[in-house]
Amino acid sequence: MDFKKLTQDCCEMKLKALEMASTSSFGIHIGGAFSAMEIFTALYAVANIPSSTEAERDRIIVSKGHCVLAYFTALWKKGFVSEEELKSFETDGSVFYGHPNRNLKYGIEFSAGSLGLGISYAVGVAKACKLKHYNNRIFILLGDGELNEGIVWESLMSIINYSLNNITIIIDNNGYQLDGKTSEVMNMTDLKGKFESFGFDTKTVDGHSIESLTEAFSLSSNVPNVIIAKTTKANGISFLMNTKQSHFCTLSGKKYNQAVQDIKTVYHE
Amino acid sequence: MSSQVNTKLLSMFGQSGSIFGVSLLEIMKQRNDIIVLSADMSSPAGLDKYKTLYPDNFLNTGIAEQNMIGTAAGLCNEGFKTVCVAQSCFLSMRSFEQIRQYAGYMKSPIIFVGISGGFSLQYMGNTHYSLEDVALMRTIPGMNVIVPCDALEAVKAFEQSLETNSAVYLKLSGLPNLPVINPSDYDFKTGKGIKLVDGSDVLIIANGTMVSQALKAAKELSNVCVINMHTVKPLDTEIIKENINGKKIVVTIEEGFINGGLGSAVAEFVSEQNFRTKVIRLGVSDFFPKPGSYPYLLQQSGLTAEQIVQTIKNEL
């Protein structure tokens with residue numbers, strides 16, 4: 001795997017995401033997108049998706065749908081969405097707005113926005129792929145705040161019950177949700193232990209290390225597995241990192257310039 | 001289902017038993033792409049034989065209606081025809097957002113079969129009555145909403161739903177041995193109401209279990225026209241247009257809240273068309289009835305045939 005290229009791709013995704021954010025006067029989810037940039041980079045590097053409509057493709061189901069700045073820029077790097085199409089982001093009538101809408105032409109599997117619904121949908125997709133004897137994998141990206149939703153636990157219960165070992169769940173564990181720290185809003189304590197008690201093979205990795213993430217994603221298991229990616233909300237943007245304000249905000253003028261500078265500094269550009 | 005149907009036998013099985021214990025077993029001889037999902041409600045639905053014969057075509061999701069719908073949507077988008085079965089109160093309310101999201105917004109043509117609808121769970125109380133399901137389902141773009149009047153109609157609605165590419169909500173109601181409205185085979189079409197009795201003064205539009213009450217009431221009154229409006233959405237506006245002229249009143253009857261259901265749908269159309277005919281909506285008004293036997297529940301809502309007759313007489 002060419003990690004130098006992946007690192008460069010990830011940097012370009014971030015700069016493009018900042019550009020998209022800067023055009024949004026409505027506001028946009030920045031924190032939860034920048035915590036997931038490396039996750040998306042690694043996911044699309046590992047997942048086997050020769051074309052977005054190939055029947056036996058791996059499925060990437062993004063349940064934390066508000067991270068479109070990371071998701072859409074990853075689809076752009078993957079070649080499913082053009083730079084021109086990204087320019088329509090959050091303009092009236094565009095198919096690219098604050099949450100993704102299922103459209104296989106662009107590689108979008110699921111209409112997300114209402115938290116918790118992606119993982120439940122993925123249960124059906126994984127079961128269907130098993131019934132069709134596909135040899136593919138189903139990757140599900142969840143936020144840690146999203147884990148508050150009851151349907152997530154119904155889904156986890158059923159994944160083990162139906163032995164859906166084609167499923168890999170990735171938790172973007174950035175430690176924040178809208179109202180603040182996840183530990184303060186709804187402390188879920190010992191996340192790893194919870195997944196393990198359900199029967200998942202569970203690992204914790206550095207969610208900003210493309211090497212660690214690709215390694216974790218590449219391993220398949222006999223039992224469904226969960227990868228808890230330890231991340232930082234709004235990672236790399238100095239004035240937003242680890243703040244609840246970064247969850248949803250605008251990024252215009254000076255702030256945009258500062259954010260670009262921050263990212264470029266990290267990548268020595 | 002063949003034209004040689006034993007409607008009395010179906011009536012004994014009830015609406016759900018006729019679908020899952022008779023019709024579906026026949027259908028499965030010809031197709032293998034159907035997957036039935038149930039939220040721990042398969043035995044009351046009449047699915048026991050199906051589960052034994054077709055274990056690969058059945059998924060029990062446990063008492064988790066929301067995940068049942070999500071799982072069905074995933075299967076559906078991967079090419080399977082999915083049918084979700086649960087008590088209609090929990091199916092329509094606990095997982096309303098999931099139905100809106102997956103079947104509405106994502107357009108997955110799932111068939112939702114709500115069993116034990118209306119007041120059928122009697123002494124279980126209001127948590128178990130489904131009185132608002134039709135109103136809720138009607139708001140979802142693209143959703144077909146059908147309330148069959150008897151077991152044969154339930155079977156026909158189910159079989160036709162399997163052939164369409166739309167999401168469908170079937171509200172199954174009535175106790176076992178529910179009255180037979182259609183004694184022999186007949187032409188059923190989703191979205192096409194059926195005139196059962198012709199008459200010049202009163203237009204009764206009913207569905208589900210209330211069709212039999214409407215027919216009883218019509219026998220007591222002269223000049224009453226009775227329409228079985230099994231499909232609430234899409235509403236058969238043509239049959240209303242064809243039969244409303246000259247009528248003194250329109251009376252809608254449903255086993256559910258009057259707010260948002262069949263009566264609302266009819267009233268919306270009649271007022272939009274400026275027919276100037278008074279619409280009286282019979283059903284459960286704005287209250288939770290005291291739990292009890294089925295007749296007791298109907299009585300509190302003014303839904304027995306005698307009460308319907310009296311209401312109409314008072315209006316004329």
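Chain A is the first sequence line, chain B the second, and so forth, proteins listed ahead of strands; every chain is numbered from 1. Keep in mind that the numbers below use all heavy atoms, side chains included, and drop hydrogens, waters and symmetry copies. Keep in mind the model is a prediction, meaning the values are calculated, not measured.
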Would you mind telling me which of Val152(A), Val123(A), Ile151(A) has the largest number of heavy-atom pairs within less than 4.5 Å of chain B?
-> Ile151(A)
Looking at Ala64(B), Cys76(B), Gly62(B), Gly74(B), which makes the most heavy-atom pairs under 4.5 Å with chain A?
-> Gly74(B)
If the plane angle is over 60° it's perpendicular, under 30° parallel, otherwise tilted; pick one for His66(A) and His247(A).
-> tilted
Can the ring centroids of Tyr106(A) and Phe80(A) be said to lie less than 6.0 angstrom from one another?
-> no
What part of Gln101(B) lies closer than 4.5 angstrom to a heavy atom of chain A: side chain, backbone, both or neither?
-> side chain
Does the side chain of Tyr105(B) come within less than 4.5 Å of Ile140(B)'s, by heavy atoms?
-> no
Using non-hydrogen atoms only, which part of Phe110(A) is less than 4.5 Å away from chain B: side chain, backbone, both, or neither?
-> both
Interchain contact, Asn57(B) with chain A, by part (heavy-atom threshold 4.5 Å) = neither
Under 4.5 Å between any side-chain heavy atoms of Met28(B) and Tyr50(B), yes or no?
-> yes
Run the salt-bridge test on Arg138(B) and Glu268(B) with the 4.0 Å N-O cut-off and return the result as yes or no.
-> yes
Audit row: Tyr44(A), Leu75(A), side chain to side chain contact (heavy atoms under 4.5 Å, CB included) steps and yes/no = CA-CA 8 Å; Tyr44(A) 278 95; Leu75(A) 293 171; 3.3 Å; yes
Pick one of side chain, backbone, both or neither for Ala72(B), based on which atoms fall under 4.5 Å of a heavy atom in chain A.
-> neither
What part of Leu37(B) is in contact with chain A, defined as an atom under 4.5 angstrom from a non-hydrogen atom: side chain, backbone, both or neither?
-> neither
